[in-house]
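A quick write-up on the structure given underneath.
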Amino acid sequence: MRPQHLVVLPLLALAACSTTETKPPTANLTKEPFGKSKTGELVERYTLRNSKGMEVAILTYGGIVQAIRLPNGPGKTIDVVLGFDTLDGYLGEHPYFGALIGRYGNRIGNAKFTLNGKEYKLAANNNGHSLHGGLKGFDKVVWAPKEIPGEEPALELTYTSKDGEEGYPGDLTTTVRYTLTNANELKLEYNATTDKDTVLNLTNHTYFNLAGAGEGDILGHSIQILADRFTPVDKGLIPTGELKPVAGTPFDFTEPKPIGSRIMQDDPQMVNGKGYDHNYVLNSGGGALALAARVTGPNGVRTMEVLTTQPGVQFYSGNFLDGSNKGKGGHVYNQRYGFCLETQHFPDSPNKPDFPSVVLKPGEKYQSTTVYRFLQ
Ligand code: GLA
């Protein structure tokens, strides 16, 4: 009897395994070490996966969206965001690939602003103006991660910026929650509080190419932006203060149009931006989550919708990409190989009293949400 049992039991166990566990389920939230920051802090990469086979990789360094892999036929995915395979690329010079931007996304004119009668001076890191938070903005710090497991996995990143950091007032604690939904949406929820009056404009600087990162330029993508007006800029890309109708200009994307169809037109605004690098005044007015833009890849291949609670979106056609960054899989990113839709308050708002306010006070909660939704 005994020898028989010894033989039969393992066989039964094997049979059970082969029927119920042919393929173990993949965890929908995993992490791995991704190197060390310049100051020696550990950087991790989190990967979120949904039930549709979509994956999003996020770094604790700069809150960077390192990859968005979409299902692309049986057993295959396609990565639609520009970036690097290793942390070294992100630690070097690059134009904010995938990064979380703060404290102030976009430009503040002459790198200064006045709040409650006091002047604050910022780093002039862009032609005498301040761009994307200064020399060491939120894109260059290590954020503290918190996993939010669930049917739809999420990662929460928190960073406290000290009073005076990059010239801005107040201890400011920011939390950004990245959720991957089963409707193929990456949802970014931004929250912040301060202990002194301050200004704030958080965004994300992911470069998209719906034909796949590194697969040519984005001029054949078609884009619709739900905005009847935009904020024209001077040569330094600082808004003039005017809200100009897009009608009759190459900035009119109220109906879908290829990005490249009018980008070479001899329009003074196009010359200032070296292409599209402009803030659109969304018709929604901000507040409730609403569709801001819809982009479709060349030959109708996949569509991305951007929804936001913000009043504006910077449409940037990757004009300053110049092939100097060697990206994922050895791809070189030449001019206009990616586009950004940076949901935001308007540039230079701290110096433009007529623009929607970007002031955050103690006791108030900064809240904004942006959703990138992918449709096949
Ligand atoms: C933003 C700006 C652009 C450019 C890029 C980074 O989108 O509006 O002018 O500086 O960042 O290269």
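Order of listing sets the numbers, starting from 1, for every ligand and every atom in it. Note that the coordinates shown come from a computational prediction; the quantities given were computed from them, not determined experimentally.
The residue from Y168, F138, F113 that alone fulfils the side-chain contact (heavy atoms from CB on, under 4.5 Å) condition with Y104 is Y168. Residue Q314 is tested with N106, N279, T203 for a side-chain hydrogen bond (donor to acceptor under 3.5 Å, both in side chains); the sole match is N106.
Salt-bridge check for D197 with K361: passed, with a basic side-chain N closer than 4.0 Å to an acidic carboxylate O. Salt bridge annotation for E119-K121: present, with a cationic side-chain nitrogen under 4.0 angstrom from a carboxylate oxygen.
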I'd like to know whether L100 forms a side chain to side chain contact (heavy atoms under 4.5 Å, CB included) with Y159, so could you lay out the CA-CA distance, the side-chain angles of the two residues, the decisive distance to 0.1 Å, and finally the verdict.
CA-CA 11 Å; L100 206 169; Y159 175 70; over 6 Å; no
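Close approach of ligand 1 to Q314 (heavy-atom distance below 4.0 Å) involves ligand atoms 8 (O).
At the shortest separation from atom 8 (O) of ligand 1 among protein heavy atoms lies D277 OD1, 2.7 Å. Of all protein heavy atoms, the one lying nearest to atom 7 (O) of ligand 1 is E342 OE2, 2.9 Å. Looking at atom 12 (O) of ligand 1, its nearest protein heavy atom turns out to be P95 CB, 3.5 Å. Here the protein heavy atom with the shortest distance to atom 4 (C) of ligand 1 is F320 CD1, 3.8 Å. Nearest protein heavy-atom neighbour of atom 11 (O) of ligand 1: H205 NE2, 2.9 Å.
Residues R336 and N319 have side chains that bring a donor and an acceptor to within less than 3.5 angstrom of each other.
Counting heavy atoms under 4.0 Å from ligand 1, residue L131 touches it through the side chain alone.
Considering both main-chain and side-chain atoms, N106 never comes within under 3.5 Å of ligand 1 through any nitrogen or oxygen pair.
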